[in-house]
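Lettering of chains follows the sequences in order, A, B, ..., and the numbering in each one begins at 1.
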There are 6 protein chains.
Amino acid sequence: MPYVNIKITKEGGPDGSGATAEQKAELIAGVTKLLSDTLQKDPATTFVVIDEVPLDSWGIAGKPVTEYRARKN
Amino acid sequence: MPYVNIKITKEGGPDGSGATAEQKAELIAGVTKLLSDTLQKDPATTFVVIDEVPLDSWGIAGKPVTEYRARKN
Amino acid sequence: MPYVNIKITKEGGPDGSGATAEQKAELIAGVTKLLSDTLQKDPATTFVVIDEVPLDSWGIAGKPVTEYRARKN
Amino acid sequence: MPYVNIKITKEGGPDGSGATAEQKAELIAGVTKLLSDTLQKDPATTFVVIDEVPLDSWGIAGKPVTEYRARKN
Amino acid sequence: MPYVNIKITKEGGPDGSGATAEQKAELIAGVTKLLSDTLQKDPATTFVVIDEVPLDSWGIAGKPVTEYRARKN
Amino acid sequence: MPYVNIKITKEGGPDGSGATAEQKAELIAGVTKLLSDTLQKDPATTFVVIDEVPLDSWGIAGKPVTEYRARKN
């Protein structure tokens with residue numbers, strides 16, 4: 001009975017407002033299948049929770065994501 | 001000094017916008033009392049954080065919650 | 001379909017090695033009932049995960065728990 | 001830059017002591033590829049953390065996993 | 001490659017709508033430096049995620065934060 | 001009343017068994033001070049929980065940490 005929490009930055013999608021319902025459904029189906037294939041975990045008791053995090057609330061390399069990307073380019 | 005994180009789907013409530021402040025207060029009071037009764041944890045240093053998750057960001061049995069419920073009915 | 005994560009310090013129990021299986025079962029039963037009573041959440045799809053944290057890995061008021069308690073006494 | 005946390009019960013594997021290093025590597029590779037395929041997330045900045053939880057610390061349907069399974073059979 | 005999750009109540013800031021982007025950037029820079037200074041963790045692979053939690057979803061001492069503060073004054 | 005969760009790989013320390021109690025105390029003191037300095041959060045109600053994760057349970061770039069490091073060298 002796995003529990004999977006996926007945290008992603010809130011961006012992309014048709015109007016820039018984040019992952020679409022279809023993309024989230026793909027993530028849910030994909031990770032549930034992965035746990036079933038790899039560890040024989042029962043899909044019926046597999047939970048997946050997706051959290052979308054605002055760009056200025058996510059940091060990497062000591063900087064918010066937006067600043068991090070600007071420096072890389 | 002326990003820390004409790006409760007994740008629920010965002011639904012219900014008077015206008016469908018999620019748990020009411022009263023319901024959240026009941027959860028906070030109830031789980032704090034449970035930890036005090038069962039393990040003598042001091043309520044003064046018990047934290048409870050409630051996260052409400054959009055329905056299309058929660059998956060079970062490989063499907064988003066809304067699709068999962070539609071199939072069960 | 002709630003997911004509840006309870007973090008407690010690893011201590012107490014018959015030999016100081018943490019909560020007993022009975023105490024964990026009481027927490028699981030209690031919080032599942034609370035979510036059912038308060039928000040009509042279905043127990044069949046309620047997950048509870050209990051994490052026990054070593055005392056020196058938990059901090060409060062800027063100090064590890066053991067030091068915090070020593071100062072309070 | 002996704003962060004994925006996978007929580008599974010600690011069981012199975014060659015000596016009952018949990019998922020093998022190979023199985024964990026498969027989970028890590030699979031979920032990273034899934035995020036890259038679905039949302040074009042860069043694998044270089046995708047983290048996966050796997051937590052294995054003792055059976056008596058995981059509850060479902062108001063009971064610890066071991067009791068839950070015994071009742072189902 | 002540390003992962004740090006900071007949960008704070010959503011309040012303060014210029015218009016009461018929470019921490020500013022500048023304050024979040026300070027938290028990200030500060031905790032990344034702390035992990036580098038203390039444990040020689042590489043900033044390039046240090047993630048920080050900040051979650052802001054509505055006041056009525058955070059409990060302490062068995063009460064929502066707003067009620068807790070009102071009683072203390 | 002912040003809650004901070006720091007996840008690090010379990011390694012280093014005098015005998016390779018992870019961060020020392022002193023290093024954990026430094027992390028706890030440092031992040032509590034950071035939240036007090038940046039957002040005026042009260043140290044008395046700041047929790048810090050440090051999780052140490054086995055190397056084969058942490059993935060980056062689609063590989064377990066040990067394999068990831070071997071390839072970089």
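- For Lys63(E), there are no side chain to side chain donor-acceptor pair (under 3.5 Å) partners two or more places apart in sequence or in a different chain.
- Atom NZ of Lys33(A) sits in a sparse spot, with 12 or fewer heavy atoms from other residues, nucleotides or ligands closer than 6.0 Å.
- Of residues 54-62 of chain A, those residues lying under 4.5 Å from chain E by any heavy-atom pair are Asp56(A), Ser57(A), Trp58(A), Gly59(A), Ile60(A), Ala61(A), Gly62(A).
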* side chain to side chain contact (heavy atoms under 4.5 Å, CB included) assessment of Lys7(A) paired with Phe47(E) -> CA-CA 11 Å; Lys7(A) 285 187 200 295; Phe47(E) 278 14; over 6 Å; no
